[in-house]
2 protein chains.
Amino acid sequence: MLFTTATGYALRALAGLPEDGSFCLAKDLAARLDIPGPYLAKILQGLVQSDLLESVRGPKGGFRLTRPAHRITVGEVVAALEGPDSLDGCIMGFPTCGGDHPCPLHEAWGAVKAQVATSMTQATIRDLQLMDLRHLKEAKDRSGGSRP
Amino acid sequence: MLFTTATGYALRALAGLPEDGSFCLAKDLAARLDIPGPYLAKILQGLVQSDLLESVRGPKGGFRLTRPAHRITVGEVVAALEGPDSLDGCIMGFPTCGGDHPCPLHEAWGAVKAQVATSMTQATIRDLQLMDLRHLKEAKDRSGGSRP
DNA sequence: TTAATTTAGGACTAATCTGTCCTATTGTAT
DNA sequence: ATACAATAGGACAGATTAGTCCTAAATTAA
Ligand code: SF4
Ligand code: SF4
């Protein structure tokens, strides 16, 4: 997979939050998305630090997006979870890439990198919302909707 | 990074082996490439299992490529280290991707995936050899060539 | 045959990632 | 005020990855 599980959880969570500005409980979100509750809570707290979410404590509290979903790019979320430089350096992990003497693969991998970066900055959470609902619906249909 | 460190080590090691069919000691290779020796040895042994390397024990032994470097693709190495399906499934880690209702990002990510796969099958160890020598030379020049 | 050298293989440790749990702190409702 | 509900935060446990170490087996050289 291209991202870590935590990043995937974050993307799913952001896509799963309501767009109407209402607050959503971490545990509800976790149950709905089938993500380990406490782990998701930690990830959401991190997203608050990254200013992608805001939270209030206590009853009626929860999390909500700080911006509309179509204004949050996948790249921002990835950067928040995996650092802003997760695509920097040699895509194959080689050390000390010399920009002056790139290997024959550098250009091809650079193109891959650029395409990933472009996709990440163009794709928004809004795009994922559509997918997420469909996926969840399918999973629900398959399982009968009850999970002990 | 797109691959694991072990995969990166494997690629570096394969690129660092001589092309003339002579055997190379694991520890020499490790020293030359600045990779932890025992760890590299394990990785090389795994590559023997995957039929990318052959080995002989004892003095005058070591490892060598089973095929010329230009006949070993990066994809083969990645498959040997990370499994043949490392690019399957949702590139963002979402579960239960329905092929019937792909999300708006599916096509873009699929293109990324395809480009990665294509690059991996077209790029060979031979391509990496050129790079590796240059990188090593640069590193050597910078450090003065002595490492205690 | 004996000794030295090197891979093979497994057990072990260290670090990171994933996930859980407990306690504070903050907010709401009574 | 009090009780309750939720996030904040840190300590903790498990799994996977990264890396080390030791012993056995194979090969060469003497
Ligand atoms: S030149 Fe080769 S080794 Fe260096 S970053 Fe580019 S692809 Fe990687
Ligand atoms: S449809 Fe969306 S969620 Fe499913 S695999 Fe494609 S990109 Fe991932």
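Any value given below was found using the heavy atoms of this structure, including those in side chains, with hydrogens, waters and symmetry copies removed. Every chain is numbered from 1 and lettered A, B, ... according to where its sequence line falls, protein lines coming before strand lines.
- If you check every strand for non-hydrogen atoms under 4.0 Å, A:Tyr9 touches sugar and phosphate atoms only.
- Phosphate proximity of D:dA6 to A:Ser55: absent, as no side-chain N or O sits under 4.0 Å from OP1 or OP2.
- The nearest heavy atom of DNA chain D to B:Gly58 and to A:Ala41 marks one nucleotide each, and the one closer to the 5' end goes with A:Ala41.
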Item to check | From CA spacing to verdict: side chain to side chain contact (heavy atoms under 4.5 Å, CB included), A:Leu33, A:Tyr9 | outcome: CA-CA 9 Å; A:Leu33 301 175; A:Tyr9 289 166; over 6 Å; no
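- Across the protein-nucleic acid pair, B:Leu53 atom CG and C:dT6 atom C1' stand 15 Å apart, rounded to whole Å.
- The 5' end of DNA chain C is approached more closely, in terms of each residue's nearest nucleotide, by B:Gly61 than by the other of A:Tyr39 and B:Gly61.
- Side-chain contact check for B:Glu54 and B:Thr66: no donor-acceptor pair (N or O, by modelled atom type) lies under 3.5 Å.
- Of all nucleotides listed (D:dT20, D:dG9, D:dT28), D:dG9 comes nearest to the side chain of A:Lys42.
- Side-chain proximity of B:Ala6 to C:dA8, D:dA8, D:dA18: nearest is D:dA18.
- For the pair B:Ile43 CD1 and D:dT17 P, the interatomic distance rounds to 13 Å; values are reported in whole Å.
- What separates CD of A:Gln45 from C1' of C:dC21 is a distance of 13 Å, to the nearest Å.
- Here the nucleotide nearest the side chain of A:Leu25, chosen from C:dT7, D:dT7, C:dT28, is D:dT7.
- Counting heavy atoms from C-beta on, the side chains of A:Leu65 and A:Leu52 never come closer than 4.5 Å.
- Backbone-only engagement by A:Lys27 is indicated by non-hydrogen atom pairs under 4.0 Å involving sugar-phosphate atoms exclusively.
- Counting non-hydrogen atoms under 4.0 angstrom, A:Ala26 reaches the backbone sugars and phosphates but no base.
- Counting only heavy atoms from C-beta outward, the side chains of A:Glu76 and A:Met120 never approach each other to under 4.5 Å.
- Judged by atom type and distance alone, B:Arg57 does not reach the base of D:dT27 through any side-chain donor-acceptor pair under 3.5 Å.
- Nucleic acid contact class of A:Gln49 (heavy atoms, under 4.0 Å, all strands): sugar-phosphate only.
- One can place NZ of A:Lys60 at 10 Å from P of C:dT30, the figure rounded to the nearest angstrom.
- Nucleotide C:dT5 holds its P atom 19 Å from the CZ atom of B:Phe23, rounded to whole Å.
- Counting non-hydrogen atoms under 4.0 angstrom, B:Leu44 reaches nothing in the nucleic acid.
- Spacing between atom CZ of A:Phe63 and atom P of C:dG27 amounts to 14 Å, rounded to whole angstrom units.
- The OG1 atom of A:Thr7 sits 3.5 Å away from the CD atom of A:Glu82 when rounded to the nearest 0.5 Å.
- A donor-acceptor distance shorter than 3.5 angstrom exists from the side chain of A:Arg64 to the backbone of A:Gly21, with no hydrogens or angles considered.
- Taking only side-chain atoms of A:Pro36, from C-beta outward, the nucleotide of D:dG19, C:dG19, C:dT7 with the closest atom is C:dG19.
- Put simply, CG on A:Leu81 is 13 Å from P on C:dG19, counting in whole angstrom units.
- Listed candidates were C:dA4, C:dT28, C:dT18. Nearest to the side chain of A:Thr5 is C:dT18.
- Heavy atoms of A:Pro38 sit under 4.0 angstrom from at least one base atom.
- Distance A:Asp28 CG to D:dA6 P: 8 Å, rounded to the nearest Å.
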